[in-house]
2 protein chains.
Amino acid sequence: MEKLTENLQEPTLGQLLAQVSRLIGRHRQLKLASIGLHHAQGMILSLLCRNDGMSQMELGHALHIRPPTATNTLQRMERDGWIMRQRDPADHRLVRVYLSDKAKDFHEEIRLSFHELDQELNSILDAQERETLRACLEKVNDYLTATVVKHVVDEEIR
Amino acid sequence: MEKLTENLQEPTLGQLLAQVSRLIGRHRQLKLASIGLHHAQGMILSLLCRNDGMSQMELGHALHIRPPTATNTLQRMERDGWIMRQRDPADHRLVRVYLSDKAKDFHEEIRLSFHELDQELNSILDAQERETLRACLEKVNDYLTATVVKHVVDEEIR
DNA sequence: GGTTAAGGATTAGCTTGCTAACTAAAGAGA
DNA sequence: TCTCTTTAGTTAGCAAGCTAATCCTTAACC
């Protein structure tokens with residue numbers, strides 16, 4: 001097995017990013033499994049903790065996920081008792097999302113699950129590296145948000 | 001919408017990583033769509049170009065994916081004519097994966113799709129940043145590989 | 001040699017992401 | 001006012017990741 005890894009050329013930055021991202025997802029899944037959450041759901045709850053009553057579109061924009069993904073995941077979270085969803089009385093197009101009591105009870109555990117990952121990152125990267133990493137990721141994030149989202153807008157216009 | 005983003009606390013490093021990773025996947029998907037490939041399939045083909053005839057287990061180890069994921073994705077790729085799969089005559093437990101002629105024809109396009117992403121990254125990050133980013137990602141990659149995989153092994157032992 | 005353990009792949013069933021196509025509500029303009 | 005466009009969500013259907021459980025082959029051990 002090791003022979004093989006040596007055979008491989010150095011992965012490109014993009015390949016590395018893709019790989020790390022998948023591993024991050026699995027790591028978070030392991031952390032959250034103990035409280036019965038899936039990895040995307042933790043992020044959603046942590047957003048809602050600061051903005052209870054967001055609309056699905058606002059959630060989607062903040063997390064860079066598309067409307068159908070939001071609908072699906074939120075439907076499962078409602079089914080599992082983490083949130084309530086109801087139409088905005090003033091604008092019936094909007095579906096607003098509210099934390100359930102159960103979600104509020106787990107607020108601290110959810111916050112901690114993120115905190116743990118960050119502490120682990122702290123233990124393997126020094127302050128300087130973390131700073132650069134964050135700056136780079138933000139640049140890449142901005143760039144990708146622009147191009148990927150722009151691409152979709154182009155499609156719509158085309 | 002912008003008000004909302006300002007409201008949010010700075011995302012943690014882990015959250016940033018998770019977000020960028022998803023965007024990378026979408027970005028690569030857009031690049032590969034023109035040749036009828038899905039984003040995970042490009043990575044697999046580019047591995048096979050350097051190691052035709054790998055077993056599924058070797059592929060899975062190299063890409064950090066689990067056996068069922070390998071089976072599923074490779075079945076789809078065989079269905080779509082990118083690869084052939086056949087049992088190793090010497091050890092019937094192994095399934096070896098071979099590039100089809102179609103895949104070989106597209107070799108250059110696949111290589112280019114990775115190259116383009118890297119060039120885009122080059123345009124937004126300077127050499128120093130790329131170096132640090134790569135180093136950090138490799139550290140994180142190694143750490144996550146160890147912990148996430150170790151966790152699975154622990155489960156098996158438990 | 002025969003039984004048991006380990007290894008590799010598969011199946012079933014889940015979450016999460018996507019696009020395309022659709023519904024329904026709100027807003028705009030003639 | 002009535003039509004038409006835009007906006008927000010939903011549904012259907014796919015790819016890709018996962019775990020748990022199963023199957024078959026090989027290796028190991030008595």
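Just so it is clear: chains get the letters A, B, ... in the order the sequence lines come, proteins before strands, and each one is counted from 1. If you're wondering where the values come from, they're calculated on a predicted model, not measured in any experiment.
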For C:dG17, does either OP1 or OP2 sit under 4.0 Å from a side-chain N or O belonging to B:R26?
no
Could you please name the option among C:dG17, D:dG17, D:dA15 that lies closest to any side-chain atom of A:A40?
C:dG17
Qualifying residues under side-chain contact (heavy atoms from CB on, under 4.5 Å), relative to B:Y143, sequence neighbours excluded:
A:E120, A:I124, B:T147
List the protein contact pattern of nucleotides 1-14 of chain C with one symbol per nucleotide (5' to 3'): B for base contact, S for sugar-phosphate-only contact, - for none; contact means a heavy-atom distance under 4.0 Å.
------BSSBB---
Over 12 foreign heavy atoms within 6.0 Å of CG, A:D126
yes
Using atom types as modelled, flag every donor-acceptor pair under 3.5 Å from a side chain in residues 36-45 of chain B to any protein atom, sequence neighbours excluded.
unit_1 : atom_1 : unit_2 : atom_2 : d
B:H39  : ND1    : B:Q29  : OE1    : 2.9
B:Q41  : OE1    : B:H38  : N      : 3.4

Nucleic acid contacts of residues 106-114 of chain B, taken as heavy-atom distances under 4.0 Å to DNA chain D
none
The reported gap from CG in B:L16 to CG in A:L137 (rounded to nearest 0.5 angstrom) is 5.5 Å
So, does B:R96 use its side chain to make a donor-acceptor pair with the main chain of B:R87 at under 3.5 Å?
no
Assign A:T69 to base, sugar-phosphate, or nothing according to its heavy-atom contacts below 4.0 angstrom with the strands shown.
base
Give one of base, sugar-phosphate or nothing for B:Q41, where a contact means two heavy atoms less than 4.0 Å apart.
sugar-phosphate
Sole residue of B:K31, B:R28, B:H27, B:R111 in side chain to side chain donor-acceptor pair (under 3.5 Å) with B:E116
B:K31
At what angle, to 10 degrees, do the two end axes of the helix from C:dG1-D:dC30 to C:dA30-D:dT1 meet, given five pairs define each axis?
0°
Side-chain polar contacts of residues 74-83 of chain B - donor-acceptor pairs under 3.5 angstrom, sequence neighbours left out - could you list them?
unit_1 : atom_1 : unit_2 : atom_2 : d
B:E78  : OE1    : B:R85  : NE     : 3.2
B:E78  : OE2    : B:R85  : N      : 3.2

Side chain A:Q56, main chain A:V97, donor-acceptor under 3.5 Å:
no
Salt bridge check, A:R134 against A:E131: does any charged N sit closer than 4.0 Å to a carboxylate O?
no
